[in-house]
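Here the structure comes first, spelled out in structure tokens, and everything after it is commentary.
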Amino acid sequence: FEQFRENLGIVEQRMNSELNNLGILGNYDSISQDIMVPAFISAYSGQNANDVSLKPFPTIPIPNWRLDFAGLSNLPGLKDWFSSINITHGYRSTFAIGNYTNSLTYSQNLTLDNQILDYPLGTQVDSITGNLVPVYIINQITIAEQFTPLLGINIRTNNNINARIDFKKDRNLSLNLSNAQVAETTNNDMAIDVGWTKDKLKLPFKVRGRTITIENDVTFRFNMTIRDAKTIQRKLNGENIVSNGNRNFQLRPSMSYRLNDQLDITAYFDRNITDPKVASTFKRASTSFGFQLRFSLAQL
């Protein structure tokens, strides 16, 4: 955000030079959308403010990708222990302009076949402020980036243990052009999921003095999730305020035993803790545990 603040002056100087070269009389206000949008794009996309395009509609999309690698389980030192090892990494991003309208100050060359990529510079001066009026009025622009995941590891061992670890990051940036404020939301998410299945586990039951032994599969599962989310409202000429956010911790171990083809029983435990980052809200925690008996009506 500090880089965005610095870029405003650089983009304003470039824009004024461009206007002078085109013979347009007048200048944009320092917080005009035609100044703020290029400064915002350059700051949050890592571009140099002296080189970024002065048009709010980028012509080249931000690339997205996904990488998957499953070859580690073929290595001699690992294939004796693991039947599969998958590593994933992905990135997705979007740049969006919510909506835009033509300024009522302009009445010439407003046709349905206008090419929005040929974004025109303003030529009319506002009689009150003395600054140039943009041809199009934009309310809000948004940049959304997601690592889905930043790093994900999914393994399966030869003795039926499954484990998955995912670390995700994302941020959502929204520039409100009506009040020159930036809403910045960031999320960090780490999830661990481990499961193990034991085949033909014998469980003895005593019914009317007689011992009955059943031999079925039992599944152990452990799930843990940690999330850290925060929303900051940033102002050019004001204090940055944390408007929302919390740290969340979830722990969910469980054990399931299949009694027969249609009946299984599950013992579970669920712990959920939410620690807010806003002073006006309170920490919350909940715990639940018990047994679930499931009966399937489907015919095998």
Side-chain angles (χ1 to χ4, degrees), residues 62-94 144-172 185-201 203 216-231 245-259 261 263-277 284-294 296 298:
I62 302 176
N64 298 265
W65 65 80
R66 181 174 178 85
L67 304 175
D68 294 276
F69 182 67
L72 289 178
S73 59
N74 296 325
L75 296 178
L78 297 175
K79 65 181 180 180
D80 295 336
W81 297 89
F82 301 98
S83 59
S84 66
I85 302 176
N86 296 321
I87 299 177
T88 60
H89 167 73
Y91 175 79
R92 182 169 65 245
S93 64
T94 58
E145 294 182 297
Q146 298 175 330
F147 283 105
T148 55
L150 179 63
L151 178 63
I153 302 176
N154 195 336
I155 64 174
R156 181 180 179 86
T157 66
N158 293 329
N159 55 352
N160 295 328
I161 296 178
N162 295 307
R164 179 178 61 85
I165 301 175
D166 281 336
F167 181 56
K168 300 178 181 179
K169 291 177 66 72
D170 66 81
R171 70 172 182 173
N172 190 295
T185 300
T186 57
N187 291 281
N188 295 312
D189 189 330
M190 184 181 70
I192 300 175
D193 193 356
V194 180
W196 175 59
T197 300
K198 172 65 176 177
D199 297 333
K200 298 180 179 180
L201 178 67
L203 287 182
N216 289 311
D217 298 344
V218 62
T219 300
F220 301 92
R221 197 169 190 88
F222 175 85
N223 180 272
M224 184 179 70
T225 303
I226 301 174
R227 294 188 178 94
D228 191 331
K230 181 169 63 174
T231 299
N246 58 71
R247 295 184 181 91
N248 180 258
F249 173 78
Q250 294 180 354
L251 181 66
R252 296 176 177 175
S254 64
M255 181 181 67
S256 299
Y257 186 76
R258 194 170 185 85
L259 298 175
D261 292 338
L263 187 65
D264 59 52
I265 186 172
T266 300
Y268 68 91
F269 176 86
D270 191 339
R271 177 67 170 172
N272 193 323
I273 302 174
T274 300
D275 189 5
K277 297 184 177 181
R284 302 182 303 274
S286 62
T287 303
S288 61
F289 58 92
F291 295 89
Q292 292 179 341
L293 193 64
R294 297 182 180 180
S296 175

Under 4.5 Å between any side-chain heavy atoms of [X] and [Y], yes or no?
X	Y	result
Arg227	Gln250	yes
Leu72	Ile87	yes
Ile153	Asn86	no
Met255	Thr266	no
Trp65	His89	yes
Asn187	Asp189	no
Ser288	Tyr268	yes
Phe147	Lys168	no

Can you tell me how far apart [atom1] ([X]) and [atom2] ([Y]) are? Round to the nearest 0.5 Å.
X	Y	atom1	atom2	result
Asp170	Ser93	CG	OG	12.5 Å
Asn188	Thr186	CG	OG1	6.5 Å
Thr148	Leu150	OG1	CG	10.0 Å
Leu75	Asp80	CG	CG	11.0 Å
Ile192	Met224	CD1	CE	3.5 Å
Met190	Leu151	CE	CG	11.5 Å

Out of Leu263, Ile265, Asp217, Thr219, which one pairs with Tyr257 under the side-chain contact (heavy atoms from CB on, under 4.5 Å) rule?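 Single side-chain contact (heavy atoms from CB on, under 4.5 Å) partner of Tyr257 among Leu263, Ile265, Asp217, Thr219: Ile265.
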salt_bridge([X], [Y]) N-O dist < 4.0 Å:
X	Y	answer
Asp193	Arg221	yes
Arg66	Asp68	yes
Asp228	Lys277	yes

Run the side-chain contact (heavy atoms from CB on, under 4.5 Å) check on Ser256 and Asp264 step by step: do they pass? CA-CA 7 Å; Ser256 299; Asp264 59 52; 5.8 Å; no
Pair Arg156-Ser84, side-chain contact (heavy atoms from CB on, under 4.5 Å): steps then yes or no: CA-CA 5 Å; Arg156 181 180 179 86; Ser84 66; 3.4 Å; yes
Check for a donor-acceptor pair, side chain of Thr225 on one end and backbone N or O of Ala191 on the other, with a separation under 3.5 Å. no
Flag for [Y]-[X]: side-chain donor and acceptor within less than 3.5 Å:
X	Y	answer
Asn64	Arg92	no
Glu145	Tyr91	yes
Asn272	Asn248	yes

Go through Leu78 and Ile85 one step at a time and tell me if the side-chain contact (heavy atoms from CB on, under 4.5 Å) criterion holds. CA-CA 9 Å; Leu78 297 175; Ile85 302 176; 4.1 Å; yes
For side-chain contact (heavy atoms from CB on, under 4.5 Å), just list the numbers for Thr274 and Phe249, CA-CA rounded to whole Å, side-chain angles, deciding distance to a tenth of an Å, and then say yes or no. CA-CA 7 Å; Thr274 300; Phe249 173 78; over 6 Å; no
Atom of Asn246, atom of Pro276 and distance for their closest heavy-atom approach: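 Taking Asn246 first and Pro276 second, the nearest heavy atoms are CB-CA, 3.7 Å.
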Grab the two heavy atoms, one from Pro149 and one from Thr88, that are nearest each other, plus how far apart they are.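 Minimum heavy-atom contact is CG-OG1, 3.6 Å.
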Got a sec: does the CZ of Phe289 have more than 12 other heavy atoms crowding it under 6.0 Å? no
Arg271, CZ: over 12 other non-hydrogen atoms inside 6.0 angstrom: yes
